[in-house]
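It should be emphasised that the depicted structure is a prediction, and the values quoted were computed from it without experimental measurement. Hydrogens, waters and symmetry mates are skipped; everything else that's a heavy atom, side chains included, is used.
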Amino acid sequence: MESDLQYNNDGRKQMSRKAEKADVESIRGLLREYYAAAVEKDCSRLRLDADMVPAAMVDRVENDGSVLWKMLPSTIKPAEIRRLESRLRYPLPPMYRAYLQSYFHLFSALVPVDSTCGQGGVGFASMPCDDPLWTFNGAFEEANVCFGSRLQQRLLKLGFPLIGWSLDDRLALNTHSPDDEGDYQIIAISNALDDEVFDSITGDPLHFELDDVWQHTQPVCESFKEFVNIYFRL
């Protein structure tokens with residue numbers, strides 16, 4: 001019986017690894033297409049100030065001193081993601097774990113459509129090769145005096161890891177709504193939440209609760225899987 005159980009567990013792990021590899025390749029394909037389209041259209045988002053581009057991601061330096069950057073294969077390992085999830089105390093969606101293992105990139109916007117008003121831009125957290133998990137790392141700093149980091153830290157503890165932003169809101173995973181595949185709804189958290197809690201700062205951490213967040217949210221996509229298929233386009 002024990003050997004059969006071990007066999008079944010090993011089989012599930014192998015299937016899980018195969019599915020994860022397939023997800024990684026799927027997102028890599030989307031990002032390659034997006035990057036190629038951005039190059040073809042000569043998008044300004046591919047050119048950044050030199051101090052914003054890690055040396056390994058420099059493709060070439062333009063005449064005006066700006067830097068054309070290139071994507072690099074991600075070196076993030078599943079073990080690193082498991083450690084991150086342990087700190088978060090909740091699992092990340094399978095497709096988001098795959099995204100972290102796809103490419104390091106510096107896109108400050110992944111689509112020219114805003115999640116709320118149909119125009120503008122949806123920013124998506126860049127993944128520089130020298131600090132790809134910076135959005136999470138900053139939120140774990142216990143003595144951080146930056147209001148933005150303290151807000152992010154509180155949202156993480158309440159189950160809303162931030163993955164990007166649009167003109168008037170932040171984009172986050174809603175870990176309170178897992179589906180059968182372990183994926184989460186993507187929500188927009190209005191910047192009005194900032195205004196509401198900023199004037200009442202009395203200490204660290206910020207003291208707002210789930211109900212305060214719900215009052216400033218609206219759904220964007222039903223899952224991160226749906227999100228990448230819609231938004232990772234140019």
Side-chain angles (χ1 to χ4, degrees), residues 12-13 15-35 71-111 113 115 121-129 131-140 149 152-166 169-189 213 217-233:
R12 282 193 289 268
K13 288 179 181 178
M15 290 178 64
S16 177
R17 284 195 290 267
K18 287 181 180 179
E20 185 171 67
K21 287 182 179 179
D23 287 342
V24 171
E25 287 307 314
S26 175
I27 293 184
R28 281 179 175 169
L30 288 173
L31 284 172
R32 283 195 298 266
E33 290 176 11
Y34 185 89
Y35 186 87
M71 296 193 301
L72 295 175
S74 172
T75 57
I76 294 176
K77 304 299 183 186
E80 293 179 72
I81 298 175
R82 288 195 294 271
R83 287 194 293 270
L84 173 61
E85 291 175 319
S86 178
R87 298 184 75 184
L88 292 172
R89 299 185 180 180
Y90 44 76
L92 293 169
M95 189 63 82
Y96 190 76
R97 290 199 295 267
Y99 165 73
L100 294 178
Q101 297 173 77
S102 60
Y103 281 109
F104 295 139
H105 67 80
L106 301 176
F107 286 117
S108 59
L110 278 177
V111 355
V113 179
S115 65
V122 172
F124 205 79
S126 296
M127 288 180 58
C129 64
D131 191 12
L133 298 177
W134 64 272
T135 53
F136 292 101
N137 295 337
F140 290 128
S149 293
Q152 181 181 6
Q153 185 178 52
R154 184 62 180 156
L155 288 171
L156 272 175
K157 289 182 178 179
L158 291 175
F160 302 105
L162 300 179
I163 61 173
W165 54 91
S166 61
D169 49 41
R170 292 174 168 85
L171 302 180
L173 301 173
N174 175 14
T175 65
H176 301 275
S177 64
D179 63 17
D180 293 340
E181 296 181 357
D183 208 338
Y184 303 127
Q185 181 187 52
I186 308 300
I187 60 171
I189 303 175
V213 180
T217 65
Q218 64 176 355
V220 175
C221 287
E222 287 307 307
S223 66
F224 185 77
K225 185 174 184 178
E226 178 187 0
F227 183 84
V228 297
N229 285 318
I230 294 175
Y231 282 75
F232 286 23
R233 309 287 182 183

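- Contact detail for Ala172 and Ile189: the closest heavy-atom pair is CB-CD1, 3.9 Å.
- Taking the side chain to side chain donor-acceptor pair (under 3.5 Å) definition, one finds that Glu25 meets it with Arg28, sequence neighbours left out.
- A donor-acceptor pair is defined here as one N or O able to donate and one able to accept, closer than 3.5 Å; no such pair exists between the side chain of Gln185 and the backbone of Leu173.
- From Leu84, atom CG reaches atom CZ of Arg97 across 10.5 Å, with rounding to the nearest 0.5 Å.
- Between the OG1 atom of Thr135 and the CG atom of Leu156 there is a distance of 8.5 Å, given to the nearest 0.5 Å.
- Heavy-atom minimum distance, Ser126 versus Trp134: O-NE1, 2.9 Å.
- The distance from the OG atom of Ser177 to the CD atom of Glu222 is 7.5 Å, given to the nearest 0.5 Å.
- With sequence neighbours left out, the side chain to side chain contact (heavy atoms under 4.5 Å, CB included) criterion links Pro178 to Tyr184.
- In this structure, the side chain of Trp165 does not engage the main chain of Ala125 through any donor-acceptor pair within 3.5 Å.
- Note: Arg82 CZ to Lys77 NZ = 12.0 Å, rounded to the nearest 0.5 Å.
- Side-chain contact check for Ile186 versus Ser223: every heavy-atom pair is 4.5 Å or farther apart.
- Tyr103 is linked by a ring pair (Phe, Tyr, Trp, His ring centres under 6.0 Å) to nothing, counting only residues two or more places apart in sequence or in another chain.
- The structure places NZ of Lys157 at 12.5 Å from CD of Gln152, a figure rounded to the nearest 0.5 Å.
- For residues 170-184, the set of pairs meeting the salt bridge (charged side-chain N to carboxylate O under 4.0 Å, His left out) definition, not counting sequence neighbours, comprises Arg170-Asp194.
- Contact check for Met95 versus Ile27: side-chain heavy atoms found under the 4.5 Å cut-off.
- Closest approach of Phe104 and Cys129 over heavy atoms only: CD1-CB, 3.5 Å.
- Among residues two or more places apart in sequence or in another chain, the ring pair (Phe, Tyr, Trp, His ring centres under 6.0 Å) test is passed with Tyr96 by Tyr99, Phe224.
- Atom OG of Ser102 sits about 8.5 Å away from atom CD1 of Ile76, to the nearest 0.5 Å.
- The closest donor-acceptor contact from the side chain of Ser74 to the backbone of Leu100 lies under 3.5 Å.
- Considering every non-hydrogen atom in both His105 and Leu31, the closest pair reads CD2-CD1, 4.5 Å.
- For Glu80, there are no side chain to side chain donor-acceptor pair (under 3.5 Å) partners at least two apart in sequence or on another chain.
- Taking both residues in full, the closest heavy atoms of Pro94 and Gly182 are given as CD-O, 3.5 Å, listed atom of the first, atom of the second, then distance.
- Nearest heavy-atom pair across Val213 and Thr217 is O-CG2, 3.0 Å.
- Aromatic rings of Phe160 and His176 (six-membered ring for Trp) have centroids within the 6.0 Å cut-off, being under it.
- Between Pro93 and Lys225, the closest side-chain pair of non-hydrogen atoms is not below 4.5 Å.
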